[in-house]
Q: 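One structure, pasted below without further comment.
Residue numbers start from 1 in every chain, and the chains themselves are labelled A, B, ... in the order their sequence lines are given, proteins ahead of strands. Treat the numbers as computed from the prediction; the structure is a model and nothing was measured.
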Protein chains: 2
Amino acid sequence: MARATVQDVAKTAGVSVGTVSRVLNKSPAVSESSKEKVTAAIRQLNYRPLASARDLRRDRTMRILALAKNLNSPIISEAFRGVGDAAASSGYVSLIAPTAGDPEREQQLVDMLRNGSVDGLIMFSPTMPDEDVDEMAEQLSVVQVCEIADSEAAFGVSIDDRQAAFDITTHLIETGGRRLAMIGNRAARSGRLREEGFRQAAAEAGISPDQTLFVEGEFDFHTGRRLTRKLLKAAPLPDAVFCGSDTVAAGCVREITDAGLRVPDDIAVAGFDDSVQAEMCVPELTTIRQPAYDMGRLAFEELLARMTVPGVHRRGRTFLPHELVIRDSTKN
Amino acid sequence: MARATVQDVAKTAGVSVGTVSRVLNKSPAVSESSKEKVTAAIRQLNYRPLASARDLRRDRTMRILALAKNLNSPIISEAFRGVGDAAASSGYVSLIAPTAGDPEREQQLVDMLRNGSVDGLIMFSPTMPDEDVDEMAEQLSVVQVCEIADSEAAFGVSIDDRQAAFDITTHLIETGGRRLAMIGNRAARSGRLREEGFRQAAAEAGISPDQTLFVEGEFDFHTGRRLTRKLLKAAPLPDAVFCGSDTVAAGCVREITDAGLRVPDDIAVAGFDDSVQAEMCVPELTTIRQPAYDMGRLAFEELLARMTVPGVHRRGRTFLPHELVIRDSTKN
DNA sequence: CTGTTAGCGCCTTCAC
DNA sequence: GTGAAGGCGCTAACAG
């Protein structure tokens, strides 16, 4: 059987389409008896308003889309939970799609905003260059979370990555670290900020740059292992490693342990994110807690403002406080 | 500036809307010169066809939606990668949304199929009862992956969970396990099937049911630890534990190790999924590999058939082969 | 309170 | 190869 329309409902209920529409949209100007008839007809015909027709007419979809390189990052999934809850309480449906770091797929997804498939976009880890993100932000309802492009028009929600890296590196130094190493990721803006924080902390502690090691790559377990093997070839060995993510830190700890060295006694290791990985690791990881859920909530609120209030907003960045979580992978 | 429409493009290009539409849809019946003019106008006006108008007219969206309890399950994110690749090569955009196990939110998302916001639905971990899934499947384009409802109308793609559990339990027995334990999850159909396989393997090996232990809960790290503490209170202790997921197994190993016992010498532990957790664990986990990516691809192909050829549907499940991966958490 | 009607932007026959 | 026109299903403005 073909899908029912307002027309069908109107006919079955013995009223006009206008009345049906009013019932559908909870207009108060409907008599109780009409409402009942319409409701009954709707149920009888199993009617649902067609989204595309409604969207076309209303010029909005009440849907938003979030984009991320991949979905299984604990921070992203937690932040997206915040987005989802905030969105739901404003009547929006939130969807997410992975870009896999593929510019073409990212473009296709961004087009969903341009062509009105969704009302707003949240970007977690853009693949496109900063300028492109900025240009989008000028004209469209887009908010960045975690990763924020480095420019005048920058806007979005994140922690202060530089400061967080500074804090945890300082902790590494205060607990005896002298030959510092970092496993970072220059491909991401947050990665570059964390590197800055790392270097600044070293400098302020009077540790000369040539006493520090830096290696970089993707933030996954195997890369963490591989990069740590590089670090372990250094002489003298580092005595403290700051990793850009807990997962990388887990790989780092594993490689150090497999090499017969002890964490933190021989080499201290710090992570980042305070994901469940930090607790799964042995020893458990000292790390930086990101308030991911709240970042997501806030990001949606900002997006909502952009979607509903026409004109270009430039609220700048919102920094949420991070927290140093000290566990057993560093000395104390 | 307001958004451009086909009308605007037609006017700017000096042609009719029909011609613009033909260019947009790559109709061959357009002269080269018209095409160029239209293309130029489109670029000049930065025009994009409005999705809702096009969807309304065409009665389809070329979008599909996947639903899962949460996004950070390695199996789900890998399977969704498969869905996404298959979808992309058929011109579909695939989105995903977490239900958080909330029936209301799940319903809202399912409504996106009912109201035509998307053309098809892939369900990873339904929260609704099996009957409801079946009823949906009768009338709508829905395919299940991993978790498949237990009924006549069952359809979808998964591994043979019962057989996989049987295989890995048998491995546990063959390597000396006699006092068997399982950490399962009866809330999920796959969990119940794995329990069956576990019990069947024990029975066939002549191990009486009262020599086996069974505890259950959610499949996360902390639950794994908590349930393992329960197991460790048994006397005599189990000598082999089959866990329903790698993450749970990681928690199990951790708790055993913290109790001063050795894995696998004192207690062997097996996981499920062959996710990265299996390799992060020390010792690395013996587990069952699920061909998640291929499951996703196949699921999309089946969904595509359902979306394009309404009516005739092959009912039934598609089982993909699993693989026993032996590592160090079990004896050999 | 209710019915009628005019589009929203697009695609697609149908003439030419 | 091209233009004109109808209509997809819905909402909202306007009469009554």
Q: Look at all strands and tell whether S21(B) reaches a base, only sugar-phosphate, or nothing, counting heavy atoms closer than 4.0 Å.
A: base
Q: Reading DNA chain D from 5' onward, which residue's closest nucleotide shows up sooner: R22(B) or L24(A)?
A: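 Upstream on the strand: R22(B).
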Q: Using a 4.0 Å heavy-atom cut-off across all strands, classify D55(A) as base, sugar-phosphate, or nothing.
A: nothing
Q: With distance as the sole criterion, is a donor-acceptor pair present between the side chains of D55(B) and S52(A) under 3.5 Å?
A: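 Checked: D55(B)/S52(A) side chains show no N/O donor-acceptor pair below 3.5 Å.
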Q: Tell me: CD of Q7(A) to P of dT4(C), nearest whole Å?
A: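 About 11 Å, once rounded to whole Å.
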Q: Check the distance between dC10(C)'s P and N25(B)'s CG and give it to me in whole angstrom.
A: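 Going from N25(B) (CG) to dC10(C) (P), I get 11 Å.
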Q: Could you give the distance from CD (E78(B)) to CG (L71(A)), rounded to the nearest 0.5 Å?
A: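 It comes to 11.0 Å.
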Q: Under 4.0 angstrom, heavy atoms only, what part of the nucleic acid is V17(A) near: base, sugar-phosphate, or nothing?
A: base
Q: Please work out if D59(B) contacts a base, only the sugar-phosphate, or nothing of the nucleic acid, heavy-atom cut-off 4.0 Å.
A: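 No contact.
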Q: Nearest whole Å is fine: how far is dC1(C) C1' from K37(A) NZ?
A: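 Rounding to the nearest Å, NZ of K37(A) and C1' of dC1(C) are 12 Å apart.
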Q: For dG9(D), take OP1 and OP2 only and decide whether either is under 4.0 Å from a side-chain N or O of T5(A).
A: no
Q: Expressed as a whole number of angstroms, how long is the span from N115(B):CG to dT11(D):P?
A: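 Distance check: N115(B) CG to dT11(D) P gives 11 Å.
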Q: Classify S34(A) by what it touches in the nucleic acid, base, sugar-phosphate, or nothing, heavy-atom distance under 4.0 Å.
A: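 Here S34(A) touches the backbone only, sparing every base.
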Q: Taking the nucleotide of DNA chain D with the closest heavy atom to each, which residue, E32(B) or L56(B), is nearer the 5' end?
A: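 Looking at DNA chain D, the more 5' nearest nucleotide goes with E32(B).
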Q: If only side-chain N and O atoms of S31(B) are considered, is one of them under 4.0 Å from the OP1 or OP2 phosphate oxygen of dT2(D)?
A: yes
Q: For K35(A) and dC1(C), give me the distance from atom NZ to atom P, rounded to whole Å.
A: 11 Å
Q: Give the rounded distance in Å between these two atoms: CZ of R57(A) and P of dC10(C).
A: 16 Å
Q: Could you state the atom-to-atom distance from NZ of K11(B) to C1' of dG9(C) in whole Å?
A: 14 Å
Q: Has T19(B) got a side-chain N or O lying under 4.0 Å from the OP1 or OP2 atom of dG3(D)?
A: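 So the side chain of T19(B) is within the cut-off, an N or O lying under 4.0 Å from OP1 or OP2 of dG3(D).
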Q: Determine the contact category for L50(A): base if any of its heavy atoms lies under 4.0 Å from a base atom, sugar-phosphate if only primed atoms, P, OP1 or OP2 are that close, otherwise nothing.
A: sugar-phosphate
Q: Round to the nearest Å and state the distance from R48(A) atom CZ to dC8(D) atom P.
A: 22 Å
Q: Is a side-chain donor-acceptor pair under 3.5 Å present for S190(A) with E147(A)?
A: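 Yes - a donor-acceptor pair under 3.5 Å links their side chains.
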Q: Between the base of dG9(C) and the side chain of R3(B), is there a donor-acceptor distance below 3.5 Å?
A: no
Q: For the CD atom on Q107(A), are there more than 12 heavy atoms of other groups (residues, nucleotides or ligands in this structure) within a distance under 6.0 Å?
A: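 Yes.
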Q: Assess, by modelled atom type and distance only, whether the side chains of S117(B) and N115(B) contain a donor and an acceptor separated by less than 3.5 Å.
A: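 A pair is found: one side chain offers a donor N or O, the other an acceptor, under 3.5 Å apart.
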